[in-house]
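Below: one structure, written as structure tokens.
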Amino acid sequence: MLTTERLILRRWQPADRAPFASINADPQVMEHFPGAMTREQSDHLADRIESHLALCGWGLWAAERIDSGQFIGFVGLSPVPDDLALAPGTEVGWRLSPAHWGQGFATEGARAAVAHGFNELGLDEILSFTAVANLRSQRVMQKLGMIRDPAKDFDHPRFPGWPGRHHVVYRLVPPARIG
């Protein structure tokens with residue numbers, strides 16, 4: 001578990017499933033993905049996320065607001081999928097409900113995840129990537145101090161024919177220990 005000024009990044013709970021499914025079914029949230037998820041797909045993703053957290057002790061933590069106890073999505077670290085040219089590596093990522101966009105929650109949670117990755121896990125580099133058109137996520141990457149690495153940009157291999165398959169890549173290396 002990680003704690004920031006306004007967030008608790010924690011293991012997933014059964015009560016997180018329904019709001020997570022709503023997030024994954026929201027067309028605004030999934031605008032830069034090939035499509036929205038069904039409840040079954042969302043639950044499968046939550047199962048995979050929680051399995052990784054249980055096995056490794058780090059991952060895509062459930063993000064909960066301290067002031068209300070409300071689940072608002074996820075923020076954390078994830079292994080880069082093996083089918084991407086960037087692998088092996090570790091990605092920082094987030095997915096929040098639109099009601100919590102534009103309030104700094106993604107940046108705040110991602111900063112804690114990045115600090116954990118560098119300080120506790122000893123990572124040499126953390127990556128983040130998104131569809132070219134996802135400027136909102138790219139702004140979060142920039143706020144984290146990540147630098148665009150055009151040489152690593154790629155077409156997502158799982159989605160041939162999808163107009164959003166071209167992805168931009170951002171990198172962050174620790175200048176020293178951060179926190």
Side-chain angles (χ1 to χ4, degrees), residues 1-13 15-17 19-20 23-24 29-30 32-33 42 45-82 84 86-131 134-149 152 167-179:
M1 183 172 80
L2 304 178
T3 303
T4 71
E5 181 180 335
R6 300 178 298 159
L7 295 173
I8 296 171
L9 303 180
R10 58 165 173 75
R11 296 278 303 267
W12 289 65
Q13 301 169 357
D16 299 333
R17 298 295 180 111
F20 188 52
I23 291 169
N24 289 327
V29 173
M30 302 307 284
H32 300 291
F33 290 87
S42 180
L45 176 57
D47 288 340
R48 287 193 343 254
I49 290 169
E50 180 54 31
S51 292
H52 182 268
L53 278 165
L55 181 67
C56 299
W58 59 272
L60 297 172
W61 291 281
E64 177 182 308
R65 287 183 62 149
I66 289 174
D67 63 354
S68 66
Q70 181 182 11
F71 169 87
I72 65 169
F74 70 67
V75 180
L77 302 171
S78 180
V80 173
D82 290 337
L84 299 186
L86 302 172
T90 302
E91 173 192 12
V92 61
W94 48 87
R95 186 175 304 166
L96 303 179
S97 69
H100 296 90
W101 290 2
Q103 299 172 53
F105 288 114
T107 304
E108 182 177 325
R111 276 194 180 117
V114 164
H116 183 79
F118 288 144
N119 296 337
E120 305 303 322
L121 303 178
L123 299 175
D124 295 324
E125 172 183 76
I126 295 177
L127 303 169
S128 197
F129 50 90
T130 190
N134 191 348
L135 299 179
R136 178 177 275 117
S137 280
Q138 290 182 56
R139 280 193 294 278
V140 173
M141 295 170 197
Q142 293 161 2
K143 288 178 186 177
L144 294 172
M146 300 185 96
I147 304 297
R148 171 94 189 278
D149 188 349
K152 292 189 184 253
H167 281 51
V168 295
V169 177
Y170 283 74
R171 300 174 60 240
L172 185 63
V173 296
R177 293 185 69 80
I178 62 172

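All values reported here derive from a predicted model rather than from experimental measurement.
Nearest heavy atoms, M30 versus N24: CG-O, 3.2 Å. Heavy atoms only, all atoms of each residue included: P81 and A87 are closest at O-CB, 3.4 Å. In plain terms, the two heavy atoms of I66 and E5 that are nearest each other are CD1-O, 3.7 Å. Heavy-atom minimum distance, F20 versus S42: CD2-OG, 3.3 Å. Of all heavy-atom pairs between L53 and W58, the closest is CD2-C, 3.4 Å. Across D124 and P174, no two heavy atoms sit closer than the pair O-CD, 3.3 Å.
Distance check: H32 NE2 to Q138 CD gives 9.0 Å after rounding to the nearest 0.5 Å. With rounding to the nearest 0.5 Å, the separation of NZ in K143 from OG1 in T107 is 4.5 Å. W61 CH2 to L9 CG: the interatomic distance, rounded to the nearest 0.5 Å, is 7.0 Å. Rounding to the nearest 0.5 Å gives a distance of 7.0 Å between CG of N134 and CE of M141. In this structure, CZ in F118 is found 8.0 Å from CD in E125, a value given to the nearest 0.5 Å. Note that CD1 of I8 and CE of M1 are 6.0 Å apart. Values are rounded to the nearest 0.5 Å.
Taking the six-membered ring for Trp, H100 and W94 have ring centres at least 6.0 Å apart.
Considering only heavy atoms from C-beta on, V75 stays 4.5 Å or farther from F105 through its side chain. A heavy-atom distance below 4.5 Å is not found between the side chains of F71 and R17. By the 4.5 Å heavy-atom criterion applied to side chains, L7 and I72 are counted as neighbours. Side-chain contact check for Q70 versus S97: every heavy-atom pair is 4.5 Å or farther apart. Contact annotation: the side chain of V114 never approaches that of M146 to less than 4.5 Å [non-hydrogen atoms, C-beta and beyond]. A heavy-atom distance below 4.5 Å is found between the side chains of T130 and V168. Inter-residue side-chain proximity for L172 and V92 is flagged as unmet; no heavy-atom pair is nearer than 4.5 Å.
Around CG of D67, the count of heavy atoms belonging to other residues, nucleotides or ligands within 6.0 Å exceeds 12.
A distance-only check finds no donor-acceptor pair linking the side chain of E108 to the backbone of T4 [under 3.5 Å]. Remark: the backbone N or O of E91 is not paired with any side-chain donor or acceptor of S78 at under 3.5 angstrom.
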Exercise for the section: Carefully, step by step, assess L45 and R95 under the rule side-chain contact (heavy atoms from CB on, under 4.5 Å). Expected result: CA-CA 12 Å; L45 176 57; R95 186 175 304 166; 3.7 Å; yes
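Ionic pairing of D16 and R11 is not present here: no N-O contact between side-chain nitrogen and carboxylate oxygen is shorter than 4.0 angstrom.
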